[in-house]
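A short worksheet on the structure shown next.
Only this structure's heavy atoms are used, side chains among them; waters, hydrogens and symmetry mates stay out. Order of the sequence lines sets the chain letters (A, B, ...), proteins ahead of strands, with each chain counted from 1.
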2 protein chains.
Amino acid sequence: MGIKRIARLANVSIGTVDRVLHNRTGVSKETEKKVRKVIKEIGYTKNTTASRLKLASVKKIKFAVLIPETKNKWSYWKLPKKGIGRAVKELMELGVEVDYFEFLDSSTYKGLMDEIFLKDYDAIVTVAFFENESNELLDRANKKDIPVVFIDTEIELEMPANFVRQDSYKAGRVAGRLLNGLVGDKGCYFVVNMLNDRGIHANNVQRERGFRKFFEDSGQDVQIRTINYSLSGEFVVTKEMETWFATDDRKGIFVTNSKSHLLPRILEEYQVKNTFIVGFDLNKQNLKHLENGKIDFLINQQPRYQGYVAIKNLFNYLTKQDGSELNLDIPVEIMVKENIPFGPKVFAKMI
Amino acid sequence: MGIKRIARLANVSIGTVDRVLHNRTGVSKETEKKVRKVIKEIGYTKNTTASRLKLASVKKIKFAVLIPETKNKWSYWKLPKKGIGRAVKELMELGVEVDYFEFLDSSTYKGLMDEIFLKDYDAIVTVAFFENESNELLDRANKKDIPVVFIDTEIELEMPANFVRQDSYKAGRVAGRLLNGLVGDKGCYFVVNMLNDRGIHANNVQRERGFRKFFEDSGQDVQIRTINYSLSGEFVVTKEMETWFATDDRKGIFVTNSKSHLLPRILEEYQVKNTFIVGFDLNKQNLKHLENGKIDFLINQQPRYQGYVAIKNLFNYLTKQDGSELNLDIPVEIMVKENIPFGPKVFAKMI
DNA sequence: CTGAAAGCGCTTACAG
DNA sequence: CTGAAAGCGCTTACAG
């Protein structure tokens with residue numbers, strides 16, 4: 001069982017077996033053939049644990065993680081980072097290390113990317129926010145044969161890439177289904193996009209597309225209006241919103257990002273009743289409103305799990321050539337008041 | 001770093017360090033104290049991988065899995081078994097082995113339990129279907145210091161026990177929330193329990209309790225009627241069902257087990273319209289009806305994941321004394337047509 | 001082109 | 001009560 005057995009059966013030393021297994025030079029055609037035959041016959045598979053035990057001390061596996069800043073107290077990005085941290089901790093004794101690089105905008109992204117390529121990382125986990133920069137990173141990584149996983153957001157790139165993210169289009173369809181169930185087929189629906197300094201996010205665009213497609217496919221005669229708000233500065237109620245509040249009484253609002261918690265207070269102020277809300281992400285404010293019934297559904301992207309699984313799967317790829325899960329579709333998890341997770345136990349699944 | 005360093009710092013041999021670490025006898029108080037001090041100072045933690053690498057060859061970790069029969073083509077129990085298989089495969093190179101025992105009823109359960117205790121298993125994964133037998137198993141395991149994890153179903157036992165299962169009461173509440181959103185507060189609701197030979201299942205009872213509690217808590221004036229059907233033999237439409245079909249036009253049906261797929265055909269036959277259905281489990285027939293819109297929501301218990309995580313967490317307990325996750329609350333996963341997983345990728349999460 | 005030896009961190013069996 | 005040696009399966013550095 002193992003390299004020793006192969007060596008014995010093939011009548012060579014374990015050093016030679018190792019050379020064949022790693023496709024290293026310095027083995028005669030003859031010997032190689034002999035060894036490969038035995039490997040195949042006994043159905044050898046490498047003991048990754050033993051391998052890493054040895055390598056942990058001499059050849060670390062180093063991850064570069066390039067994500068948005070997490071300094072902000074309620075930063076969403078704390079969550080994937082947490083998942084990454086947990087994965088790294090689990091793999092620490094197998095010689096895994098990580099460096100974090102946190103960007104602010106496309107320019108800092110570029111600068112940190114340069115820094116990353118100066119050192120020799122074995123794999124990169126990042127976020128595809130900027131098309132040009134993402135393409136550059138992927139290109140440079142490919143040339144150096146460094147695997148990359150993009151988490152959270154999928155955008156179209158020039159080369160095939162690995163994404164661990166929720167399918168935003170699908171999530172939008174799910175939101176359509178949920179609101180439709182509550183509001184009915186004669187309703188008036190609103191899609192609310194909250195924009196930050198960078199403008200609208202790729203995920204939000206896809207979510208709206210999916211939402212609209214849901215109603216299109218179902219052949220229902222519903223009205224859907226989109227409202228874009230800028231979140232730079234104070235959140236103010238515009239004229240557009242006021243007319244919106246005055247629409248007939250069956251309403252469904254789909255907030256395409258994590259800010260759905262901004263709506264209930266405003267709706268109350270304007271005495272808008274019977275309005276259902278679907279939003280994204282289990283942040284504290286959103287959960288509060290799910291709890292008190294002012295938000296009806298939240299969609300969870302399992303951000304912790306995304307980070308965790310990106311590292312784990314890259315590790316499997318690097319150590320076992322198992323790249324089967326470098327692309328991962330995170331399920332669209334539907335949360336209501338009654339199934340929100342509390343306590344560490346439930347969250348354990350998502351890490 | 002490691003046992004060697006401790007030995008050097010404490011001026012003893014690694015053998016002695018090992019004795020202290022494993023609380024073995026044959027170390028003088030003096031030496032022990034000295035060694036413990038160093039261990040504490042350098043914040044030593046054992047390298048589990050190295051440990052298992054050695055032990056894999058001399059001391060296997062053997063799991064006994066005692067679950068209902070999986071022979072039946074569509075057996076639900078194939079799923080946890082699959083998850084268990086995957087976990088065992090992942091841990092194989094660390095010396096993990098498993099034996100499966102499949103029972104039919106309480107008597108075969110008892111017989112297989114006896115068989116299990118004849119050999120020396122390191123841990124047991126089973127299902128708490130039979131109160132007496134479960135208590136006996138737990139008691140005997142406790143006496144031999146063998147950890148046990150019950151999956152799928154939680155029942156009250158005489159001693160504290162580990163459960164990896166979905167909270168059925170909570171799942172019932174979720175079902176209430178979902179149907180309520182669709183049917184409204186003046187609706188008439190039905191709870192349908194499908195009984196097999198063993199009578200009603202503990203999970204079904206809890207699901208119904210949660211469902212009813214949801215409406216009680218929400219203070220809504222709704223009618224809820226329970227109908228129990230025996231599934232032994234043919235599924236027939238009873239007089240009771242017929243009166244039920246004739247009730248006013250807003251209807252919600254909560255099927256407390258995996259058989260919700262039996263209803264759509266019957267409702268059609270009796271021309272019952274506008275009736276919403278919530279059921280459990282992503283079996284093929286249920287998914288078909290979710291797809292074609294005849295079932296509105298399905299609740300997933302992540303059976304694969306339950307099996308997987310039971311093994312993984314028992315392994316962590318046995319090798320790292322980490323028993324923090326032997327009790328696990330599997331999230332109540334809400335499925336609609338738009339977020340049903342297809343293909344292996346998505347299911348990867350649940351294994 | 002090939003082999004023998006040392007070592008990763010831990011465990012065990014044996015010697016004293 | 002304590003230590004020295006051998007070994008888990010793999011990798012590396014060196015010798016020939």
* **Pair B:Glu90 + B:Lys312, salt bridge at N-O below 4.0 Å** => yes
* For B:Leu53 and for A:Val58, locate the closest nucleotide of DNA chain D by heavy-atom distance; then report the residue assigned to the nucleotide nearer the 5' terminus. => B:Leu53
* Name the nucleic acid region contacted by B:Ile14, choosing base, sugar-phosphate or nothing; use a 4.0 angstrom heavy-atom cut-off, strictly under. => base
* **Separation of the P atoms in C:dC10 and D:dC1, to the nearest angstrom** => 25 Å
* To do: May I ask you to say what B:Thr31 touches in the nucleic acid, namely base, sugar-phosphate or nothing, with a heavy-atom cut-off under 4.0 Å?
  => sugar-phosphate
* To do: Scan every strand shown for a Watson-Crick or G-U wobble partner of C:dA15, both distances under 3.5 Å, and answer none if you come up empty.
  => D:dT2
* To do: Would you mind classifying the nucleic acid contact of B:Gly2 as base, sugar-phosphate or nothing, using non-hydrogen atoms under 4.0 angstrom?
  => sugar-phosphate
* Expressed as a whole number of Å, how far does the P atom of C:dT2 sit from that of D:dG9? -> 25 Å
* Hey, is the main chain of A:Arg304 close enough, under 3.5 Å, to the side chain of A:Lys82 for a donor-acceptor pair? -> no
* Do B:Thr70 and B:Glu102 get their side chains close enough for a donor-acceptor pair, meaning under 3.5 Å? -> yes
* More 5' along DNA chain C: B:Leu55 or A:Gly15, using each one's nearest nucleotide? -> A:Gly15
* **B:Thr126 side chain to B:Tyr109 side chain, donor-acceptor N/O pair below 3.5 angstrom** => yes
* Indicate, with a heavy-atom threshold strictly under 4.0 Å, whether A:Asp18 touches base, sugar-phosphate, or nothing. => base
* Structure fact -> Note: for A:Arg19 and B:Ala50 on DNA chain D, the residue whose nearest nucleotide lies more 5' is B:Ala50
* Asked: Is a side-chain donor-acceptor pair under 3.5 Å present for A:Ser28 with A:Thr31?
  -> yes
* Asked: Under a criterion of less than 4.0 angstrom to any heavy atom of chain A, what are the 5'-terminal and 3'-terminal contacting nucleotides of DNA chain D?
  -> D:dC8 to D:dT12
* For B:Lys89, does the NZ atom sit with more than 12 other heavy atoms under 6.0 Å from it, leaving out its own atoms? -> no
